[in-house]
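Below is one structure; the comments refer to it alone.
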Amino acid sequence: MTLKINDKYIKDFLAAEDLAGIEPSVKCAIAQVKNKNGLGNDFLGWADLPVNYDKEEFARIKVAAEKIKKSCDILVVIGIGGSYLGARAAIEFVKSPMYNEKKKDTPSVYFAGNNICSSALAELIELCEGKDVCVNVISKSGTTTEPAVAFRIFRELLEKKYGEDGAKERIFVTTDKARGTLKAFATEKGYETFVVPDDVGGRYSVLTAVGLLPIAAAGCDIDAMMAGAAAAREAYSNDTIENNDAAKYAALRNIMYRKGKTTEILVSYENAMLMMNEWWKQLYGESEGKDNMGIFPASVIFSTDLHSLGQYIQEGRRNLFETVINIEKSNDTVIIPNDPANIDGLNFLSGEELHKVNNAAMNATLLAHVDGGVPNIVLDIADRSEYSFGWLVYFFELACAISGYTLGVNPFNQPGVEAYKKNMYALLGKPGYEAEKAKLEARMSK
Ligand code: PA5
């Protein structure tokens, strides 16, 4: 098993009958995923994706990735939410959070269109000066404002630099197979396109072209990633909590929620998990936070955040539980040197691997937080390989669907995301929003 759940540090917070009590609901949720008869059941394509994906497109992704590798120094990936977080998480997890700064024979990968910050975009444009650039614009709907604005700017930049035909060779579009402005635009311009399958929502799409093209362009092995996801799919095919760790994680989260633990903190001791944390927050936040329900997903990197949020977690409001990702094998070995003078008193650590110290910090924190009344679920994962990434993605996606159904929500929609968009369009004077604009301006001037 690439991933193992360790429930030692949550056991004291569970009553004897808790798991048995929730099992019928969890089994029912698993059946809803398997039989595709629950809410949002037309968005369950991710469940079989590791074995049932478009092989022709997969081969085309690899060819496009090679073309990108050969023709640019910088790949700009334009997308927001589920259309960028997975790729960014994968590159940082498998390669490094410092991937762009490292010496390498693959392009640097920068992400744009995931905010509307002028400085962020201006700085990226400046960074692209004098460099060869390719763009992968990703939007399932093809209408999201943030990536659409960034794409307009980068398209102009590429067309000025390479001419319209040259730019065409450097622009790759990932969108719906038929609908949306972006699809129409790509067809008109003749850009190479990749498909976001109809039955896969944004936050479940990392193992489609959405994630795979940028991930492959960064030099990651996407075959190994799919193999990891396929192995996880197989491993979590049982419908009992005892024999299915994804179901167990979903069960434990719901038990915690019912006991008033309304915030879950995803904890890691590896900096390479930072963007994976962000991906996880979107997955669980958008899937469960609705109908006035849902666990609030937060995240930390320890030991860094033990010196910022550690105080709150140890002694603040007791509505928290933690899920700790324990990456067993570090990618790197750092040995603490001996110092004959021992002025800092650290010679008891001379010759030790830094990873061992990190492990000690993890175990010490687990015990301290449990003593402080914070239940902890531990997920032991072998390493930061592509295979492990694929496994972890599938584990979290399946657990999220089971958890959402157990909670009683539709884990595949995100109606709440529209509220700010509608107001923004109105405030910016988009045609058709005139009445709304007047109402909002009246509220703002009060
Ligand atoms: O999970 C989701 O569906 C969302 O987070 C979307 O990925 C996000 O809003 C971007 O949408 P789109 O890909 O249509 O531009």
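These numbers were taken from a predicted model, which means no experiment stands behind them. The figures that follow rest on heavy atoms only: side chains count, while hydrogens, waters and symmetry mates do not. All ligand and atom numbering here is 1-based and tracks the order in the structure.
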Exercise. Aromatic ring centroids of Phe395 and Tyr249 under 6.0 Å?
Worked result: yes
Problem set entry | Gly82 N/O to ligand 1 N/O under 3.5 Å | yes
Exercise. Which atoms of ligand 1 sit under 4.0 Å from any heavy atom of Arg203?
Worked result: 1 (O), 2 (C)
Seminar exercise, completed: Note: ligand 1 atoms sitting under 4.0 Å from heavy atoms of Gln414 are 3 (O)
Exercise. Quick one: does Ile80 get within less than 4.0 Å of ligand 1, heavy atoms only?
Worked result: yes
Exercise. Is Lys421 close to ligand 1, meaning an N/O of one under 3.5 Å from an N/O of the other?
Worked result: no
For this session: Determine the interplanar angle of the Phe185 and Tyr191 rings, folded into 0 to 90°, and report it as parallel if under 30°, tilted if 30 to 60°, perpendicular if over 60°.
Result: tilted
Problem set entry | Sidechain N-carboxylate O distance under 4.0 Å for Lys437, Glu434 | no
Exercise. Which word best sums up how the rings of Trp279 and Phe396 line up, parallel for under 30°, tilted for 30 to 60°, or perpendicular for over 60°?
Worked result: tilted
Exercise. Any salt bridge between Arg258 and Asp18, counting N to O under 4.0 Å?
Worked result: no
For this session: Could you check atom 5 (O) of ligand 1 against the protein and tell me its nearest heavy-atom contact, residue, atom and distance included?
Result: Gln282 NE2, 2.5 Å
Exercise. Could Lys36 and Asp48 be called an ion pair, given the rule that one side-chain N must be under 4.0 Å from one carboxylate O?
Worked result: yes
Problem set entry | atom 9 (O) of ligand 1: any protein heavy atom closer than 4.0 Å | no
Exercise. Would a line drawn from the ring center of Tyr204 to the ring center of Phe43 be shorter than 6.0 Å?
Worked result: no
For this session: Starting from atom 2 (C) of ligand 1, locate the nearest protein heavy atom and write down its residue, its atom name and how far away it is, to 0.1 Å.
Result: Glu286 OE1, 3.4 Å
For this session: May I ask you to identify the nearest protein heavy atom to atom 11 (O) of ligand 1, giving residue, atom name and distance to one decimal place in Å?
Result: Thr144 OG1, 3.6 Å
Exercise. Of all the heavy atoms in Glu146, does at least one lie under 4.0 Å from an atom in ligand 1?
Worked result: no
Exercise. Which ligand 1 atoms, with their elements, are less than 4.0 angstrom from a heavy-atom of Ser141?
Worked result: 12 (P), 14 (O), 15 (O)
For this session: Please work out whether the ring planes of Trp46 and Tyr394 are parallel, tilted or perpendicular, with thresholds of 30° and 60°.
Result: tilted
Exercise. Which one of Gly202, Ser287, Ala148 has a non-hydrogen atom at the shortest distance from atom 3 (O) of ligand 1?
Worked result: Gly202
